[in-house]
Student: 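Quick one: this structure, given as structure tokens, is what I'll be asking you about.
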Amino acid sequence: MNDLSARLDRLRDDAPTCRHNARTIAALTTNPGCVRRALLDAAAVDKAEIARELGHPPQFGQSQFAITRGNTFEAMVKANGCAELLALLREKLGLSIPEVGYVDLNTVGDNAGNAVRHQRTRQLLSRAIRDNDATLFDHPLLRLDIAGAPAYLEPDVVAVQLDGLFHVIEIKSFPVIDEQADPTQVAVAAKQAAVYVLALRQLFEDLGEDPELVSHRAILVCARDFTNRPTAALVDLRKQLAVVSRQLSRLTSIEQLLELLPPGASFAPGPDLADTIAAIPARYAPDCMSHCDMAFACRSEARSSGSVDALGRGVCDDLGGIDSVETALGLADGSFTPGPEHADIAAVLRAAHRLQLEIAG
């Protein structure tokens with residue numbers, strides 16, 4: 001265990017755990033300036049439990065019914081060595097696939113540890129590249145560096161050597177009706193698939209292989225119409241790959257962020273947890289409500305502090321560095337005198353204030 005891992009383990013202490021995954025990494029890249037989320041995710045802390053401890057439990061997430069349906073659908077697609085999936089790839093996507101192998105990497109023997117599974121994944125993928133064979137890997141364990149801290153990731157399937165390239169296959173149970181799927185759900189799935197592609201390309205680089213052997217197109221498998229039968233489509237991820245790569249490169253290193261914490265800080269439940277969380281800067285915005293378990297806690301904090309963050313990033317950008325709602329209102333009604341750096345914004349705020357008064361009158 002390296003020093004960073006040991007420090008994160010001490011910080012996590014006996015807090016409930018929830019390791020990074022493609023969903024959390026995609027969400028982190030949506031708000032890369034949030035130190036609070038970056039540290040909680042790096043320490044593999046269950047943010048939902050932390051939020052409950054703080055008295056602001058999350059009010060979104062998948063229902064148990066949706067989780068069960070998703071697991072059932074994935075199991076059906078993968079049954080009998082992925083026979084259903086292979087038929088889809090051949091018939092729906094027209095891929096020329098010879099007889100293929102199938103390897104289940106959920107465990108290695110009786111060992112389900114991350115290090116063992118990751119090493120076995122490296123060995124088998126290296127052999128697949130060398131032998132130019134065709135194999136489906138079920139839940140290979142990949143690793144991606146997030147701000148200097150490793151995160152282990154499990155794509156549903158990695159298909160080896162389809163038309164000469166490796167493809168990430170993402171299995172989702174949301175429906176495709178008349179060849180159309182919910183664009184929001186497709187966008188989320190595409191961003192998660194992009195995270196897997198980046199992790200697989202990083203593994204190839206570590207092996208000294210060409211990362212471009214990993215296709216920029218993922219295979220998305222969904223439910224067809226109102227049935228539980230699958231359909232498949234190729235999804236171009238070039239836009240998502242560029243965005244996620246850029247956002248990951250902007251993250252401040254976890255080692256630097258750890259220096260912001262007070263001595264002896266811990267995410268363990270207890271009377272000091274609220275003070276520890278409050279010491280970590282957050283970057284709350286209203287859209288956090290859709291993808292972060294800490295959103296309600298951070299919103300309460302932003303409101304009580306009078307921060308303009310609670311009004312959303314668009315308003316923050318328009319206010320150009322004014323970080324207090326009280327200051328913005330004072331500039332609008334003329335009770336505060338603006339400095340030269342805020343003169344233009346103050347003029348706009350005063351004009352808006354006069355217009356509001358005229359409408360009200």
Student: Would a 4.5 Å heavy-atom cut-off, applied to side chains only, mark Leu40 and Ile277 as touching?
Tutor: yes

Student: Under 4.0 Å between a side-chain nitrogen and a carboxylate oxygen: does that hold for Arg37 and Asp41?
Tutor: yes

Student: Looking at Ala190 and Leu237, what are the two nearest heavy atoms and their distance?
Tutor: O-CD2, 3.5 Å

Student: For the pair Tyr196 (side chain) and Glu154 (backbone), establish whether a donor and an acceptor sit closer than 3.5 Å, ignoring hydrogens and angles.
Tutor: yes

Student: Among all residues two or more places apart in sequence or in another chain, which pass the side-chain contact (heavy atoms from CB on, under 4.5 Å) test with Glu301?
Tutor: Arg36, Ala278, Ala282

Student: Taking Arg130 first and then Glu209, would you say they form a salt bridge - that is, a charged N and a carboxylate O separated by under 4.0 Å?
Tutor: no

Student: I'd like to know if the side chain of Asp156 reaches the main chain of Ile171, judged simply by a donor and an acceptor atom lying under 3.5 Å from each other, with no hydrogens or angles considered.
Tutor: yes

Student: Mind running side-chain contact (heavy atoms from CB on, under 4.5 Å) on His216 and Arg201 for me, showing each step along the way?
Tutor: CA-CA 10 Å; His216 64 263; Arg201 286 180 174 179; 3.8 Å; yes

Student: Kindly give the heavy-atom pair with the smallest separation between Leu141 and Thr121, and that separation in Å.
Tutor: N-OG1, 3.0 Å

Student: If every non-hydrogen atom of Pro150 is compared with every non-hydrogen atom of Asp145, which pair is closest and at what distance?
Tutor: CA-OD1, 3.9 Å

Student: Can you find a heavy atom in the side chain of Val45 that is under 4.5 Å from one in the side chain of Leu11?
Tutor: no

Student: So, for Ala149 and Leu8, which heavy atoms are closest and what is the spacing to 0.1 Å?
Tutor: CB-CD1, 4.4 Å

Student: Once salt bridge (charged side-chain N to carboxylate O under 4.0 Å, His left out) is applied, do any residues pair with Arg12, and if so which ones, sequence neighbours excluded?
Tutor: Asp9

Student: Which pair of non-hydrogen atoms, one from Thr227 and one from Arg69, has the smallest distance, and what is that distance?
Tutor: O-NH2, 4.1 Å

Student: Would you check if the side chain of Asp225 reaches a backbone N or O of Asp178 as a donor-acceptor pair within less than 3.5 Å?
Tutor: yes

Student: Pairs under 3.5 angstrom only: tabulate donor-acceptor contacts from the side chains of residues 242-253 to other protein residues two or more places apart or in another chain.
Tutor:
residue, atom, partner, partner atom, Å
Ser245, OG, Leu241, O, 2.7
Gln247, OE1, Arg250, NH1, 2.6
Gln247, NE2, Thr29, O, 3.2
Ser249, OG, Arg246, O, 2.6
Ser253, OG, Gln256, N, 3.2
Ser253, OG, Gln256, OE1, 3.2

Student: State plainly whether one hydrophobic cluster holds both Val176 and Leu220, where clusters connect Ile, Leu, Val, Met, Phe, Trp and Tyr through side-chain heavy atoms under 4.5 angstrom apart.
Tutor: no

Student: Applying a strict under-4.5 Å side-chain criterion to I, L, V, M, F, W and Y, I'd like to know whether Val235 and Ile177 cluster together.
Tutor: no

Student: Does a side-chain heavy-atom distance below 4.5 Å link Leu39 with Leu261?
Tutor: yes

Student: In this structure, would Leu124 and Leu213 fall into the same cluster of hydrophobic residues linked by side-chain contacts under 4.5 Å?
Tutor: yes

Student: Glu205: what forms a side-chain contact (heavy atoms from CB on, under 4.5 Å) with it, not counting sequence neighbours?
Tutor: Pro211

Student: To the nearest 0.5 Å, what is the distance between CD (Gln123) and NE2 (His118)?
Tutor: 10.5 Å

Student: Does Arg23 reach the side chain of Lys191, with side-chain heavy atoms less than 4.5 Å apart?
Tutor: no

Student: Using the side-chain contact (heavy atoms from CB on, under 4.5 Å) rule, take Val35 and Arg283 through it: C-alpha gap first, then chi angles, then the decisive distance, then the call.
Tutor: CA-CA 7 Å; Val35 174; Arg283 187 169 180 253; over 6 Å; no

Student: Counting neighbours of CZ on Arg217 that are heavy atoms of other residues, nucleotides or ligands and sit closer than 6.0 Å, is the number greater than 12?
Tutor: no

Student: Identify, with sequence neighbours excluded, every residue that meets salt bridge (charged side-chain N to carboxylate O under 4.0 Å, His left out) alongside Arg52.
Tutor: Glu49

Student: Do Leu165 and Val168 share a hydrophobic cluster, counting only Ile, Leu, Val, Met, Phe, Trp and Tyr and linking them when any side-chain heavy atoms are less than 4.5 Å apart?
Tutor: no

Student: Supply the atom-to-atom distance Asp293 CG to Ile50 CD1, rounded to the nearest 0.5 angstrom.
Tutor: 11.0 Å

Student: Distance check, rounded to the nearest 0.5 Å: His20 atom NE2 versus Arg143 atom CZ?
Tutor: 14.0 Å

Student: Supply the atom-to-atom distance Leu4 CG to Leu258 CG, rounded to the nearest 0.5 angstrom.
Tutor: 6.5 Å

Student: Are Val103 and Val214 grouped together when hydrophobic residues (ILVMFWY) are joined by side-chain heavy atoms under 4.5 angstrom apart?
Tutor: yes

Student: State, to 0.1 Å, how close Ile146 and Ala151 come at their nearest heavy-atom pair, and which atoms those are.
Tutor: CG1-CB, 4.0 Å

Student: What I'd like to find out is whether the side chain of Lys78 reaches to under 4.5 Å of the side chain of Leu85, using heavy atoms alone.
Tutor: no

Student: Can you check whether Glu170 reaches Gln192 side chain to side chain, under 4.5 Å on heavy atoms?
Tutor: yes

Student: Are the side chains of Leu54 and Phe296 in contact, using a 4.5 Å heavy-atom criterion?
Tutor: no

Student: Drop me the distance from Leu125's CG to Phe166's CZ, to the nearest 0.5 angstrom.
Tutor: 6.0 Å

Student: Return yes if a side-chain donor-acceptor contact under 3.5 Å exists between Lys47 and Thr24, otherwise no.
Tutor: no

Student: What's the spacing between Asp14 CG and Thr17 OG1 if we round to 0.5 Å?
Tutor: 11.0 Å

Student: For Arg117 and His139, what are the C-alpha separation, side-chain angles and deciding distance, and is it a side-chain contact (heavy atoms from CB on, under 4.5 Å)?
Tutor: CA-CA 10 Å; Arg117 290 180 60 205; His139 281 278; 4.2 Å; yes

Student: Find out whether Met289 and Tyr284 are in side-chain contact, i.e. whether some heavy atom of one side chain is under 4.5 Å from a heavy atom of the other.
Tutor: yes

Student: Tell me whether Asn80 at atom CG has more than 12 heavy atoms from other residues, nucleotides or ligands lying less than 6.0 Å away.
Tutor: no

Student: Any donor and acceptor pair, going by atom type alone, linking the side chain of Asp104 with main-chain N or O of Asn106 inside 3.5 Å?
Tutor: yes

Student: Please report, to 0.1 Å, the donor-acceptor pairs under 3.5 Å made by any side chain of residues 263-276, with sequence neighbours excluded.
Tutor:
residue, atom, partner, partner atom, Å
Ser266, OG, Asp13, OD2, 3.3
Ser266, OG, Ala268, N, 3.0
Thr276, OG1, Asp272, O, 3.2

